[in-house]
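Notes follow once the structure below has been shown.
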Amino acid sequence: MRFVDEYRDADKAQALATQIAALCEPGRQYKFMEVCGGHTHTIYKHGLEDYLPEQVSLVHGPGCPVCVIPMGRIDDAIALAHEPDVIMTAFGDMMRVPGGTGSFLDAKAAGADIRMVYSPLDALKIARNNPDRRVVFMAIGFETTSPSTAVTVLRAAAEGIDNFSVFCNHVTILPAIKAILDSPDLRLDGFLGPGHVSTVIGCRPYEFITCDYGKPLVCAGFEPLDLLQSVFMLLKQLAEGRCEVENQYTRVVPWDGNLRALEAIGQVMQLRPYFEWRGLGFISHSALRMREEYAAYDAERLFDVPGVRVADPKACQCGEVLKGVLKPWECKVFGTACTPETPIGTCMVSSEGACAAYYNFGRFTRQRLTDATRV
């Protein structure tokens with residue numbers, strides 16, 4: 001790739017749209033899920049739905065790492081932040097995520113020392129510079145960000161920094177996809193596989209989706225032409241009677257993944273027996289925690305974590321949105337009580353959240369559709 005414009009060429013997009021329309025079987029409806037929130041933002045930012053025939057619809061999945069964190073884990077982290085001599089560190093998109101007792105920003109205003117960082121290494125630097133304070137890193141994300149947390153723990157151990165720990169909320173994508181496939185609420189024809197996660201785990205782990213569930217999957221990139229080509233590849237498989245895992249994002253995603261990153265994760269972390277996901281409930285073996293060998297860096301072992309469970313607000317329908325059952329604008333509070341400035345649910349906060357994508361870009365598509373039906 002030399003220039004990003006190569007992947008945003010309108011003429012090429014129109015040519016792909018023509019090929020996509022030619023593959024659609026008359027009278028058949030197709031529904032594909034883009035698992036990653038980054039895909040959702042590309043689709044609506046660039047108006048990709050306008051290039052697809054009405055027979056093809058795209059629904060979003062649970063691939064936003066901030067969105068799937070339950071409110072109780074936010075409250076647990078805030079409780080840690082109020083512990084004596086603790087500095088809580090977190091990524092920027094976590095700062096406004098609402099828990100049952102408020103957000104990190106609310107806790108910071110109440111006196112807790114909570115700092116935004118761009119990487120776990122920033123948190124380790126804070127620990128190095130504040131040896132008399134206990135620094136906790138709020139670790140979130142799928143397999144994409146797990147290696148950086150693991151490598152940071154390894155560095156802390158190598159340097160003997162003993163005032164640094166991790167409140168681990170890393171989750172894994174495959175159990176979530178399986179939960180979607182086992183759900184009776186949604187019928188899908190295929191998946192646009194998450195690009196960032198796949199750079200770490202590769203394509204091979206998705207083969208159970210094709211073998212056990214008979215659904216094709218294409219690992220997709222994040223530019224407009226990447227996604228249109230991925231939809232074309234899914235439709236081509238269906239037209240030819242195939243069901244395979246294919247890799248559209250070959251310039252970045254290796255088939256067998258990043259072995260060194262996977263090794264770092266395996267060295268430092270292990271699967272939890274179960275973990276609660278917002279909107280999806282408890283899913284077995286779907287999240288990571290620190291191994292016993294690195295207990296000295298595990299905030300859940302070092303502190304008395306309350307283990308709070310908080311029910312989502314009744315007005316918020318994040319669960320249905322995360323499962324693709326509802327479009328964000330079908331939520332009762334979307335764009336009214338719940339906006340990026342005053343979020344009720346996590347999907348409206350994160351830069352990868354489906355509600356944020358629809359609010360910032362997708363509402364214009366909705367308006368065009370509404371105007372068209374009035375003509």
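Everything numeric here is computed off the predicted structure, so don't read it as measured data.
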Check step by step if salt bridge (Lys or Arg N to Asp or Glu O under 4.0 Å) holds for Lys178 and Asp212. CA-CA 10 Å; Lys178 187 177 186 302; Asp212 298 342; over 6 Å; no
How are the rings of Phe91 and Phe137 set relative to one another: parallel (under 30°), tilted (30 to 60°) or perpendicular (over 60°)? perpendicular
How long is the straight-line distance from CE of Met233 back to CG of Leu16, given to the nearest 0.5 Å? 11.0 Å
Can you get from Val200 to Tyr249 by hopping between Ile, Leu, Val, Met, Phe, Trp and Tyr side chains that sit under 4.5 Å apart? no
Please step through salt bridge (Lys or Arg N to Asp or Glu O under 4.0 Å) for the pair Arg309 and Asp76, ending with a clear verdict. CA-CA 9 Å; Arg309 287 199 63 199; Asp76 287 342; over 6 Å; no
Do you reckon Phe142 sits in the same ILVMFWY cluster as Val253, going by side-chain contacts under 4.5 Å, direct or chained? no
Salt bridge (Lys or Arg N to Asp or Glu O under 4.0 Å) assessment of Glu246 paired with Arg242: CA-CA 11 Å; Glu246 291 187 309; Arg242 295 184 291 114; 3.4 Å; yes
Shared hydrophobic cluster, Met95 / Val135 (ILVMFWY, side-chain heavy atoms < 4.5 Å): yes
Ile69 and Val97, any side-chain heavy atoms less than 4.5 Å apart: no
ring-ring contact (aromatic ring centres under 6.0 Å, His included) filter on Tyr274, not counting sequence neighbours, yields Phe282
Check the surroundings of atom CD in Gln29: do more than 12 heavy atoms from other residues, nucleotides or ligands lie under 6.0 Å from it? yes
Distance-minimising heavy-atom pair for Gly27 and Gln55: N-NE2, 4.0 Å
What's the separation between atom OG1 in Thr144 and atom CG in Asn258, rounded to the nearest 0.5 Å? 11.5 Å
Test salt bridge (Lys or Arg N to Asp or Glu O under 4.0 Å) applied to Arg204 and Asp256, step by step: CA-CA 6 Å; Arg204 195 179 301 280; Asp256 291 312; 2.8 Å; yes
Looking at every non-hydrogen atom in both residues, tell me the closest pair between Pro254 and Thr199 and how far apart they are. CD-O, 3.9 Å
Test His39 against every option in Met33, His60, Glu34 by the side-chain contact (heavy atoms from CB on, under 4.5 Å) rule and name the one that passes. Glu34
Measure the CE-CD1 distance between Met88 and Ile78 for me, rounded to the nearest 0.5 Å. 9.0 Å
Taking every heavy atom of Pro216 against every heavy atom of Cys243, the minimum-distance pair comes out as N-SG, 3.6 Å
Side-chain donor/acceptor of Thr89 to backbone N/O of Arg115, under 3.5 Å: no
Side chains of Ile20 and Leu235: does their closest heavy-atom pair fall under 4.5 Å? yes
So does Arg155 have more than 12 non-hydrogen atoms from other groups sitting under 6.0 Å from CZ? no
Please determine if Arg289 and Asp298 form a salt bridge, counting it only when a charged side-chain N lies under 4.0 Å from a carboxylate O. yes
Check: Ile201 and Val197 side chains under 4.5 Å, non-hydrogen atoms: yes
Is there a side chain to side chain donor-acceptor pair (under 3.5 Å) between Tyr213 and Asp182? Walk through the geometry before answering. CA-CA 9 Å; Tyr213 293 92; Asp182 290 335; 2.8 Å; yes
More than 12 heavy atoms of other residues, nucleotides or ligands under 6.0 Å from CD of Glu54: is that the case? no
Quick check: His41 with Phe222 (ring centres under 6.0 Å apart)? no
Using side-chain heavy atoms (C-beta onward) and a distance below 4.5 Å, is Phe275 in contact with Ile283? no
So, do Arg134 and Ile87 sit near enough that their side-chain heavy atoms are less than 4.5 Å apart? no
Testing the 3.5 Å rule here: is there a donor-acceptor pair between the side chains of Thr250 and Asn247? no
My understanding is that only one of Pro147, Pro120, Ser119 makes a side-chain contact (heavy atoms from CB on, under 4.5 Å) with Thr152; could you say which? Pro120
Side-chain heavy atoms under 4.5 angstrom apart, residues restricted to Ile, Leu, Val, Met, Phe, Trp, Tyr: same cluster for Leu105 and Val66? yes
Look at Lys12 together with Glu6 and state whether they make a salt bridge at an N to O cut-off of under 4.0 Å. no
Taking the side chain as C-beta and beyond, is there a heavy-atom pair between Ser198 and Tyr206 under 4.5 Å? yes
Taking the side chain as every heavy atom from C-beta outward, state whether Leu234 and Val231 have any pair of such atoms under 4.5 Å apart. no
I'd like to know if the side chain of Asn163 and the backbone of Asn130 have a donor-acceptor N/O pair within less than 3.5 Å. yes
Where is the tightest heavy-atom contact between Glu300 and Cys168, given as atom of each residue plus distance? OE2-O, 3.8 Å
Tightest non-hydrogen contact, residues Phe104 and Ile74, listed as CE2-O, 4.2 Å
So with a 6.0 Å cut-off around CZ of Arg260, is the heavy-atom count from everything else above 12? no
Donor-acceptor pair, Ser230 side chain versus Asp226 backbone, under 3.5 Å? yes
Rounding to 0.5 Å, atoms OG1 (Thr210) and CZ (Phe191) come to a distance of 11.5 Å
Between CE on residue Met116 and CG on residue Asp93, distance to nearest 0.5 Å: 10.0 Å
Side chain to side chain, Leu154 and Val268, heavy atoms closer than 4.5 Å: yes
So how far is it from Ile140 CD1 to Arg73 CZ, rounded to the nearest 0.5 Å? 12.0 Å
At their closest point, which heavy atom of Ala139 faces which heavy atom of Val166, and how far apart are they? CB-CG1, 3.6 Å
Using the rule that two of Ile, Leu, Val, Met, Phe, Trp, Tyr join whenever any of their side-chain heavy atoms come within less than 4.5 Å, decide whether Tyr294 and Leu121 are in one cluster. yes
Under the 6.0 Å and 45° cation-pi test, does Arg251 pair with Tyr7? yes
